[in-house]
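Only one structure is covered here, and it is reproduced in the block below.
Since this is a predicted model, take the numbers as computed values, not measurements.
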Amino acid sequence: MLVPPMTMMDFFKKSEGVWFIHRTVHHFDSVADESGESKIHVNVITKDDTRVQTICASQDVDLAIASCGASFMWQPHEEGGAEPNPDHAAVLVDVPDDQTGRSGKLLRNQGYVEKIPVVSRYWFGNDGILTIDTEYDNNQGQERCWFITDDFRVRASTVLMNNGVYLMTYCSERRCVGDADLEMMVQRNKLL
């Protein structure tokens, strides 16, 4: 049975690894289609990581109230096994509201929509769905993400721009299995 993450720390841990993403993008203006396939590399980082310390300092947030962080690196699927470009990366720091960890702030060194440092609000619903609201200088975004299984999740997001144009994105994300995991599965199946 799936146990959905209910804190950002648990969400980051459950997300760690490489994910294959199939993305559908709907623009409500004449912008070219951005649908496609990509990969995202997720790594959990502790609050003693210098990136977490730098982000907390830049946002005037006491490092003592941060719980953890994660780095996200995107790459086009066509790049195969190539190392992701560090220019396509972001670091997020979790600052929970209270001991439950079910809501709080996410500090990012750069946002998804605008490449500027940003603070988002997040919360987990009773159903395990993570909702993230972000106010940028020129846009507003909302992202919702939930796990279907431990190795498959869904993301849906909307962006409202100042000129009233909407952008909607739907992503299905499947965990990429590494060689060691694949070998373990093969051995387990041989025993059956």
Side-chain angles (χ1 to χ4, degrees), residues 1-26 38-49 51-53 55-56 58-74 89-114 116-136 139-160 166-176:
M1 289 289 299
L2 172 73
V3 177
M6 299 300 280
T7 68
M8 193 56 68
M9 170 76 90
D10 290 342
F11 183 84
F12 287 161
K13 286 179 180 176
K14 192 177 250 342
S15 299
E16 194 162 31
V18 180
W19 295 78
F20 170 77
I21 301 170
H22 183 80
R23 180 182 66 257
T24 303
V25 180
H26 301 283
S38 59
K39 287 182 183 169
I40 186 168
H41 301 251
V42 181
N43 292 301
V44 174
I45 54 179
T46 61
K47 67 183 189 178
D48 58 350
D49 187 291
R51 295 170 292 179
V52 171
Q53 295 169 5
I55 292 168
C56 285
S58 71
Q59 297 285 351
D60 291 326
V61 171
D62 183 359
L63 185 62
I65 64 172
S67 73
C68 67
S71 67
F72 291 78
M73 296 179 75
W74 301 268
V91 174
L92 282 69
V93 177
D94 176 30
V95 181
D97 286 336
D98 55 34
Q99 296 298 331
T100 68
R102 292 198 47 188
S103 64
K105 292 185 280 193
L106 276 179
L107 313 178
R108 298 186 211 182
N109 65 329
Q110 65 175 351
Y112 297 123
V113 177
E114 296 179 27
I116 58 172
V118 67
V119 177
S120 302
R121 292 285 313 155
Y122 75 84
W123 66 93
F124 288 87
N126 291 333
D127 52 7
I129 296 177
L130 168 62
T131 302
I132 302 171
D133 284 335
T134 306
E135 296 280 337
Y136 295 96
N139 306 288
Q140 297 172 333
Q142 183 176 78
E143 180 175 22
R144 303 189 83 203
C145 185
W146 61 99
F147 283 82
I148 305 296
T149 70
D150 288 334
D151 299 315
F152 187 83
R153 65 184 192 180
V154 173
R155 278 190 302 128
S157 61
T158 58
V159 177
L160 174 61
Y166 270 105
L167 163 73
M168 297 179 73
T169 305
Y170 171 84
C171 298
S172 59
E173 302 179 341
R174 179 176 35 93
R175 187 184 307 275
C176 296

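Here the options are F11, F152, F124, the test is ring pair (Phe, Tyr, Trp, His ring centres under 6.0 Å), and the partner is F147; only F11 passes. The side-chain contact (heavy atoms from CB on, under 4.5 Å) test with C56 singles out one residue from I65, V93, D62, and that residue is V93. Each of R155, H22, K39 was compared with E173 under the side chain to side chain donor-acceptor pair (under 3.5 Å) criterion, and only R155 meets it. Applying side-chain contact (heavy atoms from CB on, under 4.5 Å) to T158 and the options M168, E143, Q140, H26 leaves one that passes, M168.
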(request) Starting from the C-alpha separation in whole Å, work towards a yes-or-no answer on side-chain contact (heavy atoms from CB on, under 4.5 Å) for Q53 and D48. (result) CA-CA 7 Å; Q53 295 169 5; D48 58 350; 4.2 Å; yes
(request) Take T46 and V52, measure what side-chain contact (heavy atoms from CB on, under 4.5 Å) needs, and give me the verdict at the end. (result) CA-CA 8 Å; T46 61; V52 171; over 6 Å; no
(request) Dump the intermediate steps for side-chain contact (heavy atoms from CB on, under 4.5 Å) on F12 and I45, then the final yes or no. (result) CA-CA 9 Å; F12 287 161; I45 54 179; over 6 Å; no
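The local environment of NZ in K105 is sparse, with at most 12 non-hydrogen atoms from other residues, nucleotides or ligands closer than 6.0 Å.
Of all heavy-atom pairs spanning F72 and W74, the tightest one is O-CZ3, 3.7 Å. What you find for G17 and W19 is that their closest heavy atoms are O-CD1, 3.9 Å. The two residues V119 and Q59 come nearest to each other via the heavy atoms CG2-OE1, 3.4 Å.
Atom CG of L2 sits about 12.5 Å away from atom CZ of R153, to the nearest 0.5 Å. Considering OG of S15 and NZ of K13, their distance stands at 12.5 Å, rounded to 0.5 Å. Distance check: Y166 OH to L160 CG gives 4.5 Å after rounding to the nearest 0.5 Å. A distance of 8.5 Å separates CG of N109 from OG of S58, quoted to the nearest 0.5 Å. Remark: C145 SG to L130 CG distance equals 6.5 Å, nearest 0.5 Å. From I129, atom CD1 reaches atom CE of M6 across 10.0 Å, with rounding to the nearest 0.5 Å.
Here R144 pairs with nothing under the salt bridge (Lys or Arg N to Asp or Glu O under 4.0 Å) rule; sequence neighbours left out.
At least one donor-acceptor pair under 3.5 Å links the side chain of K47 to the backbone N or O of A64. Distance alone, capped at 3.5 Å, places no donor-acceptor pair between the R51 side chain and the A90 backbone.
Checking D98 against T100 by side-chain atom types alone, a donor-acceptor pair falls below 3.5 Å. A donor-acceptor pair shorter than 3.5 Å cannot be found between the side chains of T169 and R23.
For residues 116-125, the side-chain hydrogen bond (donor to acceptor under 3.5 Å, both in side chains) pairs, not counting sequence neighbours, are D94-Y122, D97-R121, R108-S120, S120-T134.
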